[in-house]
Amino acid sequence: MVYSVGIWTVKPGHEEEFVATWQAFADWTAVEFAGQGDVAHLLRDQADPQHYISFGGWPDADTLARWRSSPQFGEHVGRLRAHVDGFVPGTYDVAAEIHP
């Protein structure tokens, strides 16, 4: 499994629009890539309300690459960029896990 990660710096006053736009992006992903990914998460930093991290799991790098290369992906990210001052995407592998 690989993880798609986005680190977002949201423009002040754009928090609600950013979250709604990210949710629409996640909803599109859930429909277009049904059964191919893990649950998506959007986290907001309690100490810095302009700082968000999004992440979701994918079964393999090829599936993640298909998602990122789709035209709709670019459209959704473009809508998100209207609400941010910065965006850093990444692809991560699991280095360690805790199973309670």
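All residue numbers in this chain count up from 1 along the given sequence. Here the structure is a predicted model, which means the values were calculated and not measured.
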Q.
Among residues at least two apart in sequence or on other chains, which ones pass side-chain hydrogen bond (donor to acceptor under 3.5 Å, both in side chains) with Glu15?
A. Gln50
Going from [atom1] on [X] to [atom2] on [Y], what distance comes out if it is rounded to the nearest 0.5 angstrom?
X     : Y     : atom1 : atom2 : answer
Trp67 : His76 : CH2   : NE2   : 10.0 Å
Asp45 : Ile7  : CG    : CD1   : 11.5 Å
Glu75 : Phe25 : CD    : CZ    : 11.0 Å
Asp60 : Arg66 : CG    : CZ    : 7.0 Å
Leu64 : Met1  : CG    : CE    : 11.0 Å
Trp22 : His41 : CH2   : NE2   : 8.0 Å

Q. If you look at every heavy atom in Val84 and Lys11, which pair is closest and at what distance?
A. O-CE, 3.4 Å
Q) How close do Tyr52 and Arg44 get, heavy atom to heavy atom, and via which atoms? A) OH-CD, 3.3 Å
Are [X] and [Y] side-chain neighbours, meaning at least one heavy-atom pair lies under 4.5 Å?
X     : Y     : value
Leu80 : Phe87 : no
Phe55 : Leu43 : yes
Val94 : Tyr3  : yes

Q) Would you say the side-chain atoms of Trp58 and Ser4 include a donor-acceptor pair closer than 3.5 Å? A) no
Q: Verify whether the ring centers belonging to His83 and Phe18 lie closer than 6.0 Å.
A: no
Q.
Parallel, tilted or perpendicular: which one describes the rings of Phe33 and Trp28, with boundaries at 30° and 60°?
A. perpendicular
